[in-house]
There are 2 protein chains.
Amino acid sequence: MQPGDQKNRFTNITFINHGNLRKNGLMPLYAQLADLIRSDITKGKLKKGDLLPTEKELGQLYGVSRITVRGALGVLAYDGLIFRKKGRGTIVKQDKLTRQVPGLLGIHEEIRAAGGTPRTKLVSFAILSSPPVKAQKICGMERGEKVIKLERVVYSDNEILGLSVALIPLCIWGRIGIDPEHIKNKSLYHLLAKGGFQPFEAEETIEVIRADKENATRLDVPRGFPVFYLTRTVYTKEGIFVECGLNLYRADKYQFKMHHWRVMDPQQK
Amino acid sequence: MQPGDQKNRFTNITFINHGNLRKNGLMPLYAQLADLIRSDITKGKLKKGDLLPTEKELGQLYGVSRITVRGALGVLAYDGLIFRKKGRGTIVKQDKLTRQVPGLLGIHEEIRAAGGTPRTKLVSFAILSSPPVKAQKICGMERGEKVIKLERVVYSDNEILGLSVALIPLCIWGRIGIDPEHIKNKSLYHLLAKGGFQPFEAEETIEVIRADKENATRLDVPRGFPVFYLTRTVYTKEGIFVECGLNLYRADKYQFKMHHWRVMDPQQK
DNA sequence: GGTTATTTGTACGAACAATTT
DNA sequence: GAAATTGTTCGTACAAATAAC
């Protein structure tokens, strides 16, 4: 199907799961409406290329204003399920993509998402009077700033996946107040979130290097074996720096999937 | 600075580049306002942690409604320059991150962005009666669908960077109507965009493999040398599949930078 | 600690502009 | 050229969260 093609617009009420919006205070109306339409799409009532009812019609169907409808459509457009064309209407997208924010998962969550069972072993725990030079370069940490250094080995289903070093400013660590003992098998990001520093943004670089003797031993691979070298700088919603992660993952046991997209249309759409 | 901290709110008019909004039809008011505030942030008039004037005040300052102000703030929040807190206000973020959509750059653009000079050499051009099995798996192309296969060597500043195979459905290729001769040194994505199929979304996987004899020769590396194996499936805004890319890049000459983030707040924010 | 004021979040109605059919 | 549809913008009102007293 090409851009110019289109299908009939669904004005038929029965196509829509109608009349279920409640002003219960739990969820905004626009979010409820978005979920209803989303389920119509994912369940196949609305198929790729279909034109949705117009914003006016949707408002009438569900007894809400056009603003609310636009809020709902904005969610779906943001999630990549629909797109809109001025003068034409709102159209269900082709469905090839796995529409999912790249996410900001910790390694625990990543492994679980891939169907594995994560396990981490704490190798070392220390308070440094100054961050390593590497970390200063990567995430602009100040010299002389006290940091926690957490070194862990990561296993997936009892196979070594990689090594992980996390540097966390002492002032952050102090506020979340965790006993090093409790880190074992716990998601670091989960702990940070519970302490009021929920990870929200991250900058990451991915390189490949070859294992030196020390790393090769620890990763149980021959010397020179390719490993991903992954650095990650993590921030809260407020832009507060919370972690600098230096990670080595075996290249034979790890791969990346990404979803890039350009969203413009920041306003309700 | 911690989440609870804050600075004074700027109600001082002189801090804002005021009175420049025009209903000229070229740009919506909210976008103009967003640009004004953005420049105040990037130029340092508004610093990290600062509270912006309230939505009401901004509206009065610029003579626009609160809806328009919210549109502008929505843009900036989306771009990661500010965040908002109910009951408190709108706050300028810390400025560590390079706020940039991950982007959907072709290899030409990537090289240029890194300060290099891209060059591509066309190795082969063919019309296949069916996509390779690999491509069928990666991007769900149908057996029997005619595709164009474009094989190119990519150089950055006259050094070999990698090999690139692009598979494009014949029906798309036919519509953009390009002479294979003209692909040389051109950005494929640029050509696609000119033909009405602007790349908008992509799904990508990154793995590391070791070069076999053939690839090693072509990439000018020893056998077994680690190379990035990068597959990419590209779609338009409408969700129309336009390209399946299979790429091999030398791991010593390539690295990835990513910016992940969680944006919720789909409505104007 | 509770109350009040402030500020953003959600939602309504209405009108016109820009684009496509 | 006319009709239909989304895009932008106004005014207004109340809810929910935060901050100040």
Side-chain angles (χ1 to χ4, degrees), chain A residues 3-11 21-34 50-60 62-77 82-92 196 237-238 264-269, chain B residues 3-11 21-34 50-60 62-77 82-92 196 237-238 264-269:
Chain A
D5 304 342
Q6 66 169 53
K7 296 196 179 177
N8 290 328
R9 189 184 298 281
F10 286 92
T11 50
L21 301 187
R22 278 188 196 81
K23 219 161 186 168
N24 53 12
L26 292 176
M27 249 168 76
L29 289 176
Y30 75 86
Q32 295 180 50
L33 179 53
D50 283 350
L51 275 168
L52 262 68
T54 68
E55 296 176 349
K56 202 167 101 184
E57 284 167 346
L58 282 170
Q60 289 164 350
Y62 291 98
V64 294
S65 75
R66 191 174 157 219
I67 294 222
T68 306
V69 172
R70 284 182 66 75
L73 296 183
V75 178
L76 300 175
I82 59 172
F83 66 100
R84 301 147 102 179
K85 272 209 177 294
K86 203 190 280 186
R88 183 152 158 232
T90 306
I91 302 134
V92 180
K237 188 181 175 190
E238 289 81 14
M264 341 104 185
D265 306 341
Q267 210 176 352
Q268 285 193 6
K269 285 190 192 181
Chain B
D5 303 341
Q6 66 168 56
K7 297 193 177 178
N8 290 327
R9 188 184 300 277
F10 285 93
T11 49
L21 301 187
R22 278 188 197 80
K23 222 164 186 166
N24 53 13
L26 291 177
M27 246 169 77
L29 290 175
Y30 75 87
Q32 294 179 50
L33 179 53
D50 283 351
L51 274 169
L52 264 67
T54 68
E55 296 177 349
K56 201 166 104 184
E57 283 166 348
L58 282 170
Q60 288 162 351
Y62 292 97
V64 294
S65 76
R66 193 177 155 217
I67 293 219
T68 304
V69 172
R70 284 182 66 75
L73 297 182
V75 177
L76 300 174
I82 60 171
F83 67 99
R84 303 148 102 179
K85 272 211 178 294
K86 205 189 281 187
R88 182 152 157 232
T90 306
I91 301 130
V92 180
K237 188 182 176 192
E238 289 81 13
M264 345 101 189
D265 306 342
Q267 210 176 351
Q268 284 192 5
K269 286 192 188 177

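As the structure is a prediction and not an experimental result, all values here were calculated from the model. Residue numbering restarts at 1 for every chain, and letters A, B, ... go by the order of the sequence lines.
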Quiz prompt | Interatomic spacing from CG in B:Leu33 to CG in B:Leu76 - rounded to 0.5 Å | solution =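 With rounding to 0.5 Å, CG (B:Leu33) is 8.0 Å from CG (B:Leu76).
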Quiz item: Which value, rounded to the nearest 0.5 Å, describes the distance between A:Ile91 atom CD1 and A:Asp50 atom CG?
Solution: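 One finds 10.0 Å between CD1 of A:Ile91 and CG of A:Asp50.
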Just to confirm, is there a sub-4.0 Å distance from OP1 or OP2 of [N] to any side-chain nitrogen or oxygen of [X]?
| X | N | value |
| --- | --- | --- |
| B:Tyr30 | D:dT9 | no |
| B:Arg70 | C:dG9 | yes |
| B:Thr90 | C:dT8 | yes |
| B:Arg88 | C:dT7 | no |

Of the nucleotides [options], which one has an atom closest to the side chain of [X]?
| X | options | answer |
| --- | --- | --- |
| A:Ser65 | D:dT9, C:dC12, C:dT7 | C:dC12 |
| A:Lys86 | C:dT8, C:dC12, C:dA18 | C:dA18 |
| B:Thr54 | C:dT8, D:dG11, D:dT6 | C:dT8 |

Between atom [atom1] in [X] and atom [atom2] in [N], what is the gap in whole Å?
| X | N | atom1 | atom2 | answer |
| --- | --- | --- | --- | --- |
| B:Arg66 | C:dT7 | CZ | C1' | 8 Å |
| B:Lys85 | D:dA19 | NZ | P | 8 Å |
| B:Leu29 | C:dA18 | CG | P | 12 Å |
| B:Leu52 | C:dT8 | CG | C1' | 13 Å |
| B:Leu73 | C:dT10 | CG | C1' | 16 Å |
| B:Leu58 | C:dT6 | CG | C1' | 15 Å |
| B:Ile91 | C:dT8 | CD1 | C1' | 11 Å |
| B:Glu55 | D:dA13 | CD | P | 18 Å |

Self-check item: Set of residues satisfying side chain to side chain contact (heavy atoms under 4.5 Å, CB included) with respect to A:Lys56, sequence neighbours excluded
Solution: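 By the side chain to side chain contact (heavy atoms under 4.5 Å, CB included) rule, A:Lys56 matches A:Thr54, A:Gln60.
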Quiz item: Going by heavy atoms in the side chains, are A:Thr90 and A:Leu58 under 4.5 Å from each other?
Solution: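 No, every pair of side-chain atoms sits at 4.5 Å or beyond.
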Quiz item: For DNA chain C, whose closest nucleotide is more 5', that of B:Lys56 or that of A:Val64?
Solution: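 The answer here is B:Lys56.
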Self-check item: Derivation and outcome, side chain to side chain contact (heavy atoms under 4.5 Å, CB included), residues A:Leu29 and A:Gln32
Solution: CA-CA 5 Å; A:Leu29 289 176; A:Gln32 295 180 50; 4.1 Å; yes
